[in-house]
Amino acid sequence: MRIIKSMLVLLALSALPLHAADSPNNALEQVVDRIISTEQTEMTAIKPFTPLVETYIQNLRGDTSLGSVPAGDKYFLGRAILAKGVELEPLTDGNEAGGVKKKMFGGLGNMFSLSMEYLPQGFLQMVYLDTNGFDKQHYKFDYVRREFLGEVRTLVFDVTPLAKAGKGRFSGRIWVEDQDFHIVRFNGAYSGSSRTNYYFHFDSWRVNTGPNLWLPAFIYSEESDLNFALSKRLSFKAQTRLWGYNLGHSAQEQELSKILIESQTPIKDQTTTANDINPVMAQRNWDRQAEDNVVDRLERLGLLAPQGEVDKVLETVVNNLEVTNNLDIQPEIRCRVLLTSTLESFAIGHTIVFSRGLIDVLPDEASLATMVAHELSHVVLDHRIDGQYAFFDRLLFDEKDTFRHFGFARTQAEEDAANAKANELLQASPYKEQLATAKLFMNALETRQRDIPNLISPHLGDRVPTNMTVASAAPVAAPAAAPAAGEKPKAASSPIVALPLGGRVKMDPWSDKLEMLKAKPVGTVAEREKMPFEVTPFMLYLTRQGNANSSAGMNNNPVTADSKAVAADKNAAPQQ
Ligand SMILES: [Zn+2]
């Protein structure tokens, strides 16, 4: 026993730091120096990038039972020129873009123009902790603890500006990964608020996208108690997402070099029969070419995700509807996802496009199928897109004109026809028994449209239909067990009619790839946790590049995705 004990002591002694002379204080100083220098390198490293930036703001009003609910919203999409600080090229039209040209006042972290409009730059600013003096002359660092953010081990510090550091300094907490000392998350506010300057609280996340590269990707901000113009109470919550960091033409260039290698082996044309193209085929090819051109252009702009697993989920639903309705559509239907949060869908030829936001908020597979059925109906009814996109010069336009140039919205007559056809398709489908929630979803959208007008305003396609008649076999679950007079209905028993934004799909800000969330079910969801169509904080599961193929995921979602279950559904007909 004695021997073992003394061995343990020896081991413990040899595990002591080699620089025994270093005081703990000294170690702290060294780490802080590393954090500061890494942050300075980071500020230079992000300069070449021009990601897309989307900010979606929901103003809030108090609600007795739900805490607070959306009352008005703002949407902004633009391209950030990080080499120029917080400069943004707007992609969206309207008031949001108009605000961009207005001068910011008050400096760092200010999100209002003089006319008290939200400024998109104010939100973009939150990718920076402090571009002008993040050092020991301006800040005090206090070590808090070690903490895992996902699989990344971090050191947590409280950071406070020193007395004479001046206004607009960051005050809050930082999380620093423990290998190269990159700040991967910072949460707090820019200090120095006064009556003419408004600063907001924010939580800013960076994700690892390559060796030594942590890029700003997700920012949640909110303010609940602002002394706004001394009387008006302004409170809001907002999500800012950055993506499209790797929008170069690397994929095309790789393909080209592959082709050049292949071309050294001559190709023998082995088809001896039927290789002429008849006029019907020619027209189909022509239409397909227009479709491909648009899809390709949208992907290069960073608006459409590259092909991936979420497309497959949508295509499975399309397949289920086609098979049960005996449809044989040629060329076959493809599905793609628009990367934006706005709720919209459209069909370009035989390509059906759903926005990420719409997939996020749909409560279940049957309601997804309802939306898919609508777009599928446009295809079945042969509502064509403009064939002009088959000419390549039509694709050469300035990025900022994208939304003006492309528009896939339909006429009211086409919308009505598609709604009627969709109902027909659904009645013959495996979803016909489950359309109650689809109905509730559309009702919820209808009742909330005044609170979230910008979320439901499409930029390219159609508004989500709210007036579609879906005959459902199951009774609509709305007033469950009619409450006795004077008794409040039991809120907990009401079904989930729509999920919060970010409820299903996660996005890789480097590659724009989308995946379905794989979150554990959370069990019973309280009424105020349902947050239909709402903005919620980000809580990322950080990973190091190389450990997994995705760089971020969210694990705070109240409801898990079940769309993947489609593939295993016994009703699902075999894939063609
Ligand atoms: Zn439509």
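Whatever order the structure lists them in is the order used to number ligands and atoms, beginning at 1. If you're wondering where the values come from, they're calculated on a predicted model, not measured in any experiment. Hydrogens, waters and symmetry mates play no part in the numbers below; they use all other heavy atoms, side chains included.
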Closest H378 atom to the Zn ion (ligand 1) [N, O or S only]
NE2
Among the N, O or S atoms of H374, which one sits nearest to the Zn ion (ligand 1)?
NE2
Relative to each other, are the rings of F123 and F236 parallel, tilted or perpendicular (30° and 60° limits)?
perpendicular
Parallel, tilted or perpendicular: which fits the ring planes of H378 and H383, with parallel below 30° and perpendicular above 60°?
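H378 and H383: tilted rings.
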Can a donor-acceptor pair be found between the side chains of S511 and N246 at a distance below 3.5 Å?
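Per modelled atom types, S511 and N246 side chains form no pair under 3.5 Å.
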Could you verify whether a donor N or O on one side chain and an acceptor N or O on the other, from S345 and E375, lie under 3.5 Å apart?
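Yes, because at least one side-chain N or O of S345 sits under 3.5 Å from a partner of the opposite role on E375.
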Does any N, O or S atom of E415, backbone or side chain, fall under 2.8 Å from the Zn ion (ligand 1)?
yes
